[in-house]
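Below you'll find the structure, written out as structure tokens, and then a few comments.
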2 protein chains.
Amino acid sequence: MKNTKQKEVILEAVYSMKTHPTADEIYTELKKDYERLSLGTVYRNLNQFAEQGKIRKVTMPAFGDRFDYRLEEHEHILCEKCGKVFDIHVDVAISSEFEDFTVTGHQLLLYGVCKDCKHSGKHMNTGDGSVIF
Amino acid sequence: MKNTKQKEVILEAVYSMKTHPTADEIYTELKKDYERLSLGTVYRNLNQFAEQGKIRKVTMPAFGDRFDYRLEEHEHILCEKCGKVFDIHVDVAISSEFEDFTVTGHQLLLYGVCKDCKHSGKHMNTGDGSVIF
DNA sequence: TTCCATGCAAACAATTTGCAGCAGT
DNA sequence: ACTGCTGCAAATTGTTTGCATGGAA
């Protein structure tokens, strides 16, 4: 794999934008400084980094794929109002064998309404009465 | 909401295909008997049913949206080789308040290799050493 | 008769890919 | 010099939408 300026700045962008950006958000951000950068290159490199385990790709229902520089085990919570994604640290212990499956990974996603959106006056659902995690 | 033949057979298809079908799979299946059925109608109705809580929409990374007739609380496990989705019943207890979030729902997705694919001789990853669920 | 739902095709959004030229080794 | 990487644009894929017509109430 060759070292290119593009690879460098794309990876750096994921590290510095701590907001779980989409490919397009990264592209838009970098475009300011790198006029000729192409969206295809951003996608190509993000996917490559994810395969190499340098970053993580997180698929969100209805809000597109996000990229996350945090490699440690953690889960995500998605605000359904603003689409922002936050990290949460919960202990999800999964055996590597489960009902005839060899389990290689998992993803836990919580949905809800974040603090800011709660206070911004929009109507919201009530909780569903579930228990402490 | 009006009762139409299309609504009837689409909903019935989700109930009878117990394979977590995509919209397109449902469409293809029904097209055999209903020549003039349109894919748009399938999408429209599936989304409507999901909103009404008659079925469930499950978003899978890399394999498109699936529809599930099972309404009870359960999670999914996705085979990375064949793309099949299976139900699993695990106890995921989540509080309705979590770090300033009002939690309205969650989704736990495990990835792995199913029994059939394990035995079909393809190379596979080793487990990641995690613990009993 | 009134409108909602459908079929159809076009529109869309997100992502991937083919290719010729350019740049890293 | 060789070959992979990039920019660009076109192609794909999955899904939604506008509109005229047909069918349920």
Side-chain angles (χ1 to χ4, degrees), chain A residues 1-14 17 19-52 54-68 78 80 83-85 109, chain B residues 1-14 17 19-52 54-68 78 80 83-85 109:
Chain A
M1 187 177 101
K2 270 174 196 174
N3 273 337
T4 65
K5 190 70 182 169
Q6 288 88 332
K7 281 186 167 50
E8 184 191 322
V9 296
I10 291 169
L11 187 54
E12 154 120 11
V14 182
M17 300 170 76
T19 53
H20 307 79
T22 62
D24 199 76
E25 285 164 356
I26 291 166
Y27 170 71
T28 304
E29 182 63 28
L30 290 174
K31 195 75 175 173
K32 295 175 190 164
D33 293 318
Y34 304 89
E35 192 57 45
R36 315 194 29 127
L37 179 66
S38 129
L39 183 55
T41 300
V42 173
Y43 272 105
R44 262 185 298 236
N45 282 317
L46 288 173
N47 286 329
Q48 205 172 298
F49 294 151
E51 270 167 37
Q52 297 167 354
K54 290 184 180 169
I55 63 175
R56 223 171 249 197
K57 188 176 187 171
V58 189
T59 300
M60 299 288 155
F63 286 94
D65 289 350
R66 313 298 190 91
F67 294 89
D68 191 343
L78 166 69
E80 293 172 324
K84 287 205 194 85
V85 175
L109 180 62
Chain B
M1 185 177 101
K2 270 174 198 174
N3 273 338
T4 64
K5 189 69 182 168
Q6 289 86 334
K7 280 186 169 50
E8 184 191 323
V9 296
I10 291 169
L11 187 55
E12 153 117 13
V14 182
M17 299 170 76
T19 52
H20 306 80
T22 62
D24 199 74
E25 285 164 356
I26 291 167
Y27 170 70
T28 304
E29 183 61 30
L30 290 173
K31 195 74 176 175
K32 294 175 191 166
D33 294 318
Y34 304 90
E35 191 59 43
R36 315 193 33 126
L37 179 66
S38 127
L39 182 56
T41 299
V42 173
Y43 272 105
R44 264 186 296 237
N45 282 317
L46 288 173
N47 286 329
Q48 206 173 296
F49 294 151
E51 270 166 38
Q52 297 167 354
K54 291 185 180 170
I55 61 174
R56 223 171 248 197
K57 188 177 185 170
V58 189
T59 300
M60 298 286 155
F63 288 92
D65 289 350
R66 312 299 189 91
F67 296 88
D68 191 343
L78 165 69
E80 292 172 324
K84 287 205 194 86
V85 176
L109 180 63

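Order of the sequence lines sets the chain letters (A, B, ...), proteins ahead of strands, with each chain counted from 1.
Bounding nucleotides for the chain A contact on DNA chain D, 5' to 3', at a heavy-atom distance below 4.0 Å, are D/dT3 to D/dC8.
Contact between A/Arg66 and A/Thr19 at its shortest, heavy atoms only, is NH1-O, 4.3 Å. A pairwise comparison of heavy atoms in A/Ile55 and A/Phe67 identifies CD1-CD2, 3.7 Å as the closest pair. Nearest approach of B/Pro61 to B/Leu109, heavy atoms of both residues: CD-CD2, 3.4 Å. Across all non-hydrogen atoms, the minimal contact from B/Glu25 to B/Pro21 is OE1-CA, 3.0 Å. Here the closest non-hydrogen pair linking A/His20 and A/Val85 is ND1-O, 3.2 Å.
The stretch residues 30-38 of chain A touches DNA chain D through A/Arg36, A/Leu37, A/Ser38, each having a heavy atom under 4.0 angstrom from the strand.
Between A/Arg44 atom CZ and A/Lys7 atom NZ the span is 9.0 Å, to the nearest 0.5 Å.
Computed from coordinates, the A/Arg66 CZ to C/dT15 P distance equals 10 Å when rounded to whole Å. We find that OH of B/Tyr43 is positioned 17 Å from P of C/dA9, with the value rounded to whole Å. Across the protein-nucleic acid pair, A/Leu39 atom CG and C/dT17 atom C1' stand 13 Å apart, rounded to whole Å. Rounded to a whole Å, the CG atom of A/Asp65 is 13 Å from the C1' atom of C/dT16.
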All N/O donor-acceptor pairs, side-chain side in residues 26-34 of chain A, below 3.5 Å, sequence neighbours left out:
from: A/Tyr27; atom 1: OH; to: A/Lys31; atom 2: NZ; distance (Å): 3.2
from: A/Thr28; atom 1: OG1; to: A/Asp24; atom 2: O; distance (Å): 2.8
from: A/Glu29; atom 1: OE1; to: A/Lys32; atom 2: NZ; distance (Å): 3.2
from: A/Lys31; atom 1: NZ; to: A/Glu35; atom 2: O; distance (Å): 2.8
from: A/Lys31; atom 1: NZ; to: A/Leu37; atom 2: O; distance (Å): 2.9

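In this structure, the side chains of A/Asn47 and A/Lys57 come closer than 4.5 Å at one or more pairs of heavy atoms. Using a 4.5 Å heavy-atom cutoff, the side chains of A/Gln48 and A/Met1 are in contact. For the pair A/Leu11 and A/Phe49, the minimum side-chain heavy-atom distance is below 4.5 Å. The closest side-chain heavy-atom distance from B/Tyr43 to B/Ile10 is not below 4.5 Å.
As judged by a 4.0 angstrom heavy-atom cut-off over every strand, A/Asn47 is placed among residues touching the sugar-phosphate backbone only. Among the atoms of the strands shown, only primed sugar atoms or phosphate atoms (P, OP1, OP2) are found under 4.0 Å from some heavy atom of A/Asn45.
Remark: B/Lys84 NZ is loosely packed, at most 12 non-hydrogen atoms of other residues, nucleotides or ligands lying under 6.0 Å away.
Under the salt bridge (charged side-chain N to carboxylate O under 4.0 Å, His left out) criterion, A/Glu8 pairs with A/Lys5, sequence neighbours left out.
An angle of 30°, rounded to 10°, separates the two end axes of the helix from C/dT1-D/dA25 to C/dT25-D/dA1, each defined over five pairs.
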Exercise. Which letter, B, S or -, goes with each nucleotide of nucleotides 19-25 of chain C from 5' to 3', with contact meaning a protein heavy atom under 4.0 Å?
Worked result: ----BBS
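Each of A/Gln6 and B/Lys57 has a nearest nucleotide on DNA chain D; the 5'-most of these lies closest to A/Gln6.
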